[in-house]
Each structure stands twice: as C-alpha cells, then as structure tokens.
Protein chains: 2
Amino acid sequence: MTDKQRHSWVSIRDSIREMILNSTYGPGDKLPRDEEFAASFGCARSTVHRAMRDLAQSGLVERRRKGGTMVRRDPVTRATLNIPITRLEVEQKGSTYGYQLIRQSVQPSSPAIMANFDLPEARPMLRVEALHLADSRPYIFEDRWICLETVPEITSVDLTRESANEWLVRNRPYSRCDLRLYARPGTPIDSEVLQSTPGDALFVMERTTWIGEAPITSLCAVAHPGYQLFTQG
Amino acid sequence: MTDKQRHSWVSIRDSIREMILNSTYGPGDKLPRDEEFAASFGCARSTVHRAMRDLAQSGLVERRRKGGTMVRRDPVTRATLNIPITRLEVEQKGSTYGYQLIRQSVQPSSPAIMANFDLPEARPMLRVEALHLADSRPYIFEDRWICLETVPEITSVDLTRESANEWLVRNRPYSRCDLRLYARPGTPIDSEVLQSTPGDALFVMERTTWIGEAPITSLCAVAHPGYQLFTQG
DNA sequence: TACATTAATATGTAGCTACATATTATTGTC
DNA sequence: GACAATAATATGTAGCTACATATTAATGTA
C-alpha cells in the first residue's frame, strides 16, 4: 500500500449505504452532492460517482442531473432473474428437448396485449402458440405475440424448427422487460395441452419486452405442474 | 457536435452486441482485447471498458483479467425483479396492511435450510413464522430463517411489531440472492393459515440471501390464491 | 516430462481535466 | 402573479495516465 492510500469505490459505496441504513439519511432525503462526498471521503468525484451508480442500480437511491441524489422512498429487494432459453433449461436437466409449433397467424394485437404494451391502437402482430417438451412430455406452453413493426424479420423465420423464444434471445435484444408471475389452476385447455389435470396448480410467467419505446414481444408461458423457476445471483 | 466526434459508450456497446447477435462472434468465442476495440472504434480503452461492463452485467459476455472477454455460451433473458416490502405492496393496492407474528424461536438450521445456504453444518438461526394481511385477510404467509451469526441484532428487534422482511430490507443489505419460484397446491396447513381451500393454486417464492459468503436469511413465502408478482424494468 | 517460479498480459480501477446535458433556480417581462 | 427566457448547477461522460491485480504464458529446474 502506497503512502497515498487509494480509495475503493466499493468501500465508499458501502459507507454511503451504511449511512442510509442507519438513517443518517432517510427515505426521501437528498444526499450531499458528489463533490461534497468526494471532499469528505478524500477521493475523486468520479470515484463517488462510480459508487453512486452502483447504489442507484441496486435500487437504494435515485439520481437526477442537477436534481441531485435522493434516498428512494420505496426500498425494494432487487434480484436478477435469469430466464434461460427453454431448450437449454431442459437439456441442463438431462432431458431431451422437443418443440412443437401449434399455430401461428398474423393478427392485430388483442386488447390484453395492447394493455401489456400500453398501446392506444392495435398493431399488426405475429401470434405464435407453441409447446416445449422434455422427454416427449409437455414442459411449457407459450402463447406469444410479436410486434411485426419492430421485428419484421420474424416472418422469415421457420418457427416450426426453432422457437420464437430462442430466436428472439439470440437476435433481438431488449432494453425493458415487464414481468408478471403467478399461480393459477389449470383450465381444461391447459390440461389438454400440458396433459395435466384440470385444477392443477400451474406456474405462469407473463413477459413483455421493449427495445427503446418499440414493443418487441409479449408472451404468456404456462409451465407443467411442478415446474420451478430457479435463479442464482 | 464538435469536430472531435466523441464516441458514446452506449453506441459502442450496441455495436459489439450487434456483432455478437449477427454471429460475427459466436458463443464461446474470444472477443478482441479492449485496446484493439478502442483502436478500431477510434475511442479510448476506458470507453470500451464501460461498454463491456454493461454487456457483462446484462449477461451477454464474461470478463476475466488477463483471460480476456468471451461471448457467453448460455445466453439468457435477464430481468430485474423488484420484490417490494410487503407492507408497501399492500398499501399501494389501497388496502390496509396487517401483520401477525405467529411464532419465533431459536433453533439450528434445518436440513432444507442448510441445503439452501449450502452449509456443511447447522448454524444457530432465528426461525420466524409470520402472516401479512391485507384488509384483515391473509395475504402472504412467510416461514423465515435468519442466521444469528450474521445478523445477531435481529434478536433485539420486536418482531411482533415489525416484520423481519421490512427490518432486513432496511438494515441488512445482501450481495447475493437465490430465488426459486413455483406454484403448488395448498396443503391443509396452508389453507388454515391463508383461509383458502386445500388444493388451491398457490404461488410460492423461496429466497435465500448472503452478504459476501455469510448467510443472511432464507425464507419461503406462500401467497394467497390469486396473488401476482409484477415488476417493471 | 512434470512441477515450480517468474514474467507477461489484459482487464479493473483511481483520479484528473474538460465537456455534455437534464434539470432547477433566477431573472426579466407583461 | 404568471409565464418565458436565461443562467446556474449537479450529475453523466470521454479520454487520458498511472497503477493494481487476477490470470495465463514462458522459463527454469529436477
């Protein structure tokens, strides 16, 4: 360690977090300017900035140019959810992956999909219903709508051979993602598609993604009974 | 825009992502060194570094000192899940929040909890069973274990008045979080606690957190029928 | 040839100057 | 007092030098 002790952005982040957690700064409070923190920690403004960016990303504070930094009023537990490509998930379980395109058609977005995307008017979309299988048994059924204005090239993809899920993860990055997760009893249609019993507890994941302001896809994925979504981070 | 056109780390990130998505670089491929990218983009290495950090964070590439940058073999859809403090979630729905401590006791971690934390031996933990209510109706039942070696101060908290959930979000940051989400039919015990019908489809969220290597808490939260976890980002 | 030691390397970071920009505060005008 | 215009401000970023460090490659030794 040199005479000039160099500050760690990590230790500065942790010090600021500690001041928030011990209520030196409470919810809604303005924090000192980066410059002021730099002076009091004896480091560079960019080091404070690096620490603050991390705190903002983890949901503890919010930042605004000129407006300054504020402790968030609504602290949350933030976790990163990694949603795997279904084929890789199945293969990682040691099972054999199968895929069936049930039907696809171009149609205007339904009211539910318009609501998910917050669209004032219907847009032309490709609706894809497909079944993912593990060892020839139904694994996940997905009902997906893809916006043709944002992803016109999806019409050239052979979705009998490759799932839209996989194509989109590989080809269409998103910048925003809404998630709705819940349990519901299986309907007769669910039971037919998933070969389960009506009334079974089914895990449902609805996901809507955008790139910038442009809607990409909105899907409802219904998993077979017993499915668990597991993520580490 | 000045004569010296300044590069945006965002546009560099997007260019690199495009090269990955169009298979210029495939899964497992090594990317050029930051220095090389800087030369070819005509910008600074730190600008490339900033772009790469974002790509790493979003799960597209992985970085190693000396080892370089590699396209990940297992691309994922990554979403940030914001798990709210239950009281705020209830209040945001316009309902009145209620909280009941059912029981708490100090006991050695159970085998299931040891497995969640990957512990070779039992640790002394505080087990807390509690019920969150909305408008006097059961909302979420949580069975939580808190590691007393990591969070000894939890024994001084009056958990009849404040949920462990809320205390921990406010006082005990975590650096790692494992999640397991699933649906299952309600057991007779679930039904009694949640005042639901046995067999109802229940959404279950298991969450285990660490600070560094130290285990913090592991809980199983069982939501009332119809509950939906919604997150935007 | 196997293993230990040392050197090299590519990313990670601290700090600095200078500029960019979204926001907020102040001033001017009616 | 309300609104528009302008100025000020606090964060965000580009690029640079220098140093730190985890890893990989090369060299030395038995």
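Below, each value reflects all heavy atoms present in this structure, side chains not excepted, and no hydrogens, waters or symmetry copies. A note on names: the letters A, B, ... follow the listed sequences, proteins ahead of strands, and every chain is numbered from 1. The shown structure was predicted, so the numbers you read here are calculated from the model rather than taken from an experiment.
- If you look at B:F117 and B:W145, their ring centroids are not closer than 6.0 Å.
- Using a 4.0 Å cut-off, some side-chain N or O of A:R63 falls inside it from OP1 or OP2 of D:dG12.
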| said: Does the protein touch nucleotides 21-28 of chain D at the base, only the backbone, or not at all? Give it as B, S and - per nucleotide, heavy atoms under 4.0 Å. | reply: BBBBS---

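- For the pair B:W9 CH2 and C:dA20 P, the interatomic distance rounds to 19 Å; values are reported in whole Å.
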Show me, pair by pair, the donor-acceptor contacts under 3.5 angstrom made by side chains of residues 31-48 of chain A, not counting sequence neighbours?
residue	atom	partner	partner atom	Å
A:D34	OD1	A:R63	NH1	2.8
A:D34	OD2	A:R63	NH1	3.4
A:D34	OD2	A:R63	NH2	2.9
A:E36	OE1	A:R33	N	2.8
A:S40	OG	A:E36	O	3.4
A:S40	OG	A:F37	O	3.2

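- Put simply, CD on B:E62 is 18 Å from P on C:dA10, counting in whole angstrom units.
- Pairs passing the side chain to side chain donor-acceptor pair (under 3.5 Å) check and including a residue from residues 114-124 of chain B, sequence neighbours excluded, read B:N116-B:S218, B:R123-B:E149.
- Note that CG of B:L168 and CD of B:E162 are 9.0 Å apart. Values are rounded to the nearest 0.5 Å.
- Atom CZ of B:R13 is separated from atom C1' of D:dA14 by 16 Å (rounded to the nearest Å).
- Applying the ring pair (Phe, Tyr, Trp, His ring centres under 6.0 Å) rule to B:H49 yields no partners; only residues at least two apart in sequence or on another chain are considered.
- Residue A:H7 contributes atom NE2, which lies 10 Å from atom C1' of C:dA14 at whole-angstrom precision.
- Using the six-membered ring where Trp is involved, B:Y99 and B:Y97 have ring planes that are parallel, under 30° apart on the 30 and 60° scheme.
- In this structure, B:H132 has its ring center at least 6.0 angstrom away from the ring center of B:Y139.
- Taking atom CD on A:E36 and atom C1' on D:dT11, their separation rounds to 13 Å, with Å as the unit.
- Ion pairing between B:D178 and B:R176 holds under the 4.0 Å rule for side-chain N and carboxylate O.
- Across the protein-nucleic acid pair, B:F37 atom CZ and D:dG15 atom P stand 16 Å apart, rounded to whole Å.
- The salt bridge (charged side-chain N to carboxylate O under 4.0 Å, His left out) test applied to B:R50 returns no partner, not counting sequence neighbours.
- The stretch residues 43-58 of chain A touches DNA chain D through A:R45, A:H49, each having a heavy atom under 4.0 angstrom from the strand.
- In this structure, B:E35 atom CD and C:dA8 atom P are separated by 18 Å, rounded to whole Å.
- Side-chain N/O atoms of B:T69 include one lying less than 4.0 angstrom from OP1 or OP2 on C:dT11.
- Rounded to whole Å, the distance from CD1 on B:I12 to C1' on D:dT13 is 12 Å.
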